[in-house]
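All values below were derived from every heavy atom in this structure, side-chain atoms included, with hydrogens, water molecules and symmetry-related copies excluded. Lettering follows sequence order; numbering is per chain, from 1. Being a predicted model, the structure only gives us computed values, none of them experimental.
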Amino acid sequence: MAATSTTATVTPLLIHLLRGATDHASVAATHAKLLKVGTASAVSSCNHIIAAYCRCGVTARAHDLFDGMPERDVISWTALMSGYSSTGRPRLAVSLLRDMSHSGVPPNAFTFSTAVSACARLADAGLGRKVHARAEVEGYASDAVVATALIDMYGKAGDVETARAVFIGMAAPARNAVSWGSMLSVYAQNALGREAIQLFAEFRTKSNFMAPNHFMLSSVVNACAGVGRLGVGKSVHGTVLRFGHGCNGVIVVGLVDMYSKCGFYEYSRKVFDRIEHPSVICYTSIIVAAAKYGLGRCALTFFNEMIDRDVLPNSVTLLGVMHACSHSGLVDTGLHLLHSMQSKYDIHPCASHYTCAVDMLGRAGRLEEAFELANEAQVEGRDALMLWSSLLSACRTHRRLDLATRAAHRVSEFNQDVAGALVVMSNAYTSAGQTDNAAAVWSNMRRRGIQKDPGCSWIEIKDIPYVFYAGLVSPAGARAGEVMMLLDELEGKMREKGYKGGLGSTRVFDAHEEDGEDGKGEMVGVHSELLALGFGLLVTPKGMTIRVMKNLRMCCDCHDAFKLISDIMEREFVVRDLNRFHHFKMGSCSCNDYW
DNA sequence: ATAGGGTTAG
């Protein structure tokens, strides 16, 4: 009699302990006590214990327990599924969905959202679609949480269209801040910054003035960074402060990154300087910003500061510091980092560090050393392709045909260039009917920024972006004619100063941009950054810094032209290209022509 | 007792 009353009072207490437990030892101890009391075998107790083991990552114990249950309910299955999904075994999690149906336990909305999120972790749209179809059949696809998980899953798998379709298909009242935020991050993560910014504007006007939360705000900030929209970025920064998210660590990193990617290093610094205890990611972000701005010494100061403050660097941090060295010509410092990172910081140099070092040596013209390092580096596959391609271009820059041939030979072992190889791969999948894999290749390319896009440049005027392609002035609208006249006039003045390049002529190394359409009386092949600059000069007030973004690297001719025009027009220009920033002022560039 | 979204690189 006494034992029964003890059991009745002790069990809820033990369950409570289980809920708060975060480590294996305490879960196991409480589990043992429940066994002693004799209440561990009830389905609900078992579920609690399974969930607790899963929370602390011991899925094997959870599964043992699960196997020993005489009967299991939907919670038992979903808890185990969730455990596998969050501990790096999402495929196993999804397979449990089949098993549970075979054993006669119908899944609920919790089960489907868990299964869908496992597919998201796998970035597997094919599997995701199957789970989606089942959810549809069982009537759970319209559940707000399941739908939101679906949006995220399709986005992570690179299928933005379907993600959008699910979002559109949600009834307006079902859309909450999480579903809006999920759609927003799909755009941001798939390099669709414009769409993300547009959706955020829609959210502000069409969601009955729902307050934006920190998840959405960080996605929008990232979107602004991606497309270099300083004006929108500033106003989102204002929104962040108004809604009290100015102290959120993730958003703050996003802001540091956003300002630096918008060519406003000073603001990036300002945001960073206000952070009391910057995280590794914060430090990495500002180091990379300084690196892209050619401020190698500054980047090293930040790095030393973080070490002094006991913030441990990671692999990305070291890569950032090495990039800073590379772009500032601090070659020996960079090499020293490569060789000491293992012993000093316990970070094993990987392919990207070697590629960076080879690139650094090549840039500095120390090509023999670059070759030696490239041969030493244990780099394989795609990484090796990157490494040798970068060395090849260094050889070309330094006109070392002999070495270029050797590098080209190594590159040719891979048959195609990176983007080319991936496109071929994707097409192969498509013709084999494996459209899911083809889509995955594309999403993979998008994530890594290897796109077969034509070169373009854009400029933001009063929060509106104007995108220019080579040879096409039309985005300048009614002022197109004036832009061409201005560029013509500038070309004349540049010639007087000894400019040898061309603006409208065909150049030898012109391959970095696709030719625009000719005809319509436009100059053929004028590089997009020059068109954007010409338009900027016409429509912005005297003295204002003009910021131009470009999706590829700037060519030497354009670089020369920008220097001269900054002198002629007495203006400052900031150009963001694929890798870094160029700040043109009074006839010279912040990169000192070393890039 | 089981469910959904955000950060640093190239």
* So which of residues 169-186 of chain A are in contact with DNA chain B, with a heavy-atom cut-off of under 4.0 Å? -> A:Asn176, A:Ala177, A:Val178, A:Ser185
* Asked: Within the modelled atom types, does a donor on one side and an acceptor on the other bring the side chain of A:Asn248 and the base of B:dG6 under 3.5 Å apart?
  -> yes
* Asked: Can you pull the side chain to side chain donor-acceptor pair (under 3.5 Å) pairs that have at least one residue in residues 161-170 of chain A, sequence neighbours excluded?
  -> A:Asp159-A:Thr162, A:Arg164-A:Tyr187
* Asked: Which residues within residues 269-276 of chain A lie with some heavy atom under 4.0 Å of an atom in DNA chain B?
  -> none
Show which side-chain atoms of residues 48-60 of chain A pair as donor or acceptor with protein atoms under 3.5 Å away, not counting sequence neighbours.
from    : atom 1 : to      : atom 2 : distance (Å)
A:His48 : ND1    : A:Ser44 : O      : 3.2
A:Tyr53 : OH     : A:His31 : ND1    : 3.0
A:Arg55 : NH2    : A:Leu18 : O      : 3.4

* **Contacts of type side chain to side chain donor-acceptor pair (under 3.5 Å), residue A:Asn108, not counting sequence neighbours** => A:Thr111
* To do: Would you state whether a donor and an acceptor, one from the side chain of A:Asn222 and one from the base of B:dG6, lie under 3.5 Å apart?
  => no
* To do: Sequence neighbours left out, what passes side chain to side chain donor-acceptor pair (under 3.5 Å) with A:Ser207? Give chain and number order.
  => none
Without placing hydrogens or testing angles, list every side-chain donor-acceptor pair under 3.5 Å for residues 256-265 of chain A, not counting sequence neighbours.
from     : atom 1 : to       : atom 2 : distance (Å)
A:Asp257 : OD1    : A:Lys261 : NZ     : 3.4
A:Asp257 : OD2    : A:Lys261 : NZ     : 3.1
A:Tyr259 : OH     : A:His237 : ND1    : 2.8
A:Ser260 : OG     : A:Asp257 : O      : 3.1

* Is there a donor and acceptor pair closer than 3.5 Å between the side chain of A:Thr114 and the base of B:dA3? -> no
* Nearest to side-chain heavy atoms of A:Thr78, which nucleotide of B:dT2, B:dG6, B:dA9 -> B:dT2
* Structure fact -> By side chain to side chain donor-acceptor pair (under 3.5 Å), A:Thr355 pairs with (sequence neighbours left out) none
* Structure fact -> Taken in chain and number order and not counting sequence neighbours, the residues that satisfy side chain to side chain donor-acceptor pair (under 3.5 Å) with A:Glu202 are none
